[in-house]
Amino acid sequence: MNLFLLLPLFIERIRQKFLSYAELEEQGELDRQRAERLAAKLRELNIDPDSI
């Protein structure tokens with residue numbers, strides 16, 4: 001089999017992996033922001049978020 005025929009498939013797999021990584025990174029950022037909002041709300045209620 002000609003390796004040049006596999007090149008587009010290989011590139012597509014790399015692109016999919018990169019997008020997956022970017023999506024994971026974005027989800028991690030959203031989770032961090034959510035955790036910070038929760039911690040701020042707990043502090044408003046005089047609860048130390050680090051103690052629970």
Side-chain angles (χ1 to χ4, degrees):
M1 177 177 264
N2 190 339
L3 291 178
F4 287 109
L5 296 176
L6 294 176
L7 188 57
L9 296 174
F10 180 69
I11 291 171
E12 179 61 20
R13 289 292 288 176
I14 290 174
R15 188 184 68 77
Q16 289 173 352
K17 294 287 183 187
F18 178 75
L19 289 176
S20 295
Y21 179 77
E23 290 167 356
L24 285 173
E25 207 171 318
E26 181 179 347
Q27 185 60 47
E29 178 62 22
L30 293 173
D31 290 345
R32 185 190 65 74
Q33 291 173 359
R34 181 174 172 230
E36 289 200 13
R37 286 193 307 271
L38 176 59
K41 183 63 176 175
L42 288 171
R43 285 187 195 99
E44 287 176 14
L45 299 171
N46 293 323
I47 300 171
D48 180 10
D50 296 325
S51 68
I52 56 172

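Nothing fancy with the numbering, it's 1 onward along the sequence. In this text the structure is predicted, and so the values were computed from the model without any measurement.
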Between CZ of Phe18 and CD of Glu23, what distance do you get to the nearest 0.5 Å? 10.5 Å
Can you name the residues that form a side chain to side chain contact (heavy atoms under 4.5 Å, CB included) with Leu45, not counting sequence neighbours? Ile47
Just grab all the salt bridge (charged side-chain N to carboxylate O under 4.0 Å, His left out) pairs involving residues 42-52, residues at least two apart or on different chains. Lys41-Glu44
Is there side-chain contact between Glu25 and Glu29, with at least one heavy-atom pair below 4.5 Å? no
Mind checking whether Glu12 and Leu9 have side chains closer than 4.5 Å, heavy atoms only? no
Atom CD of Gln33: over 12 foreign heavy atoms under 6.0 Å: yes
Report, as yes or no, whether the 6.0 Å neighbourhood of atom CZ on Arg13 holds more than 12 heavy atoms from other residues, nucleotides or ligands. no
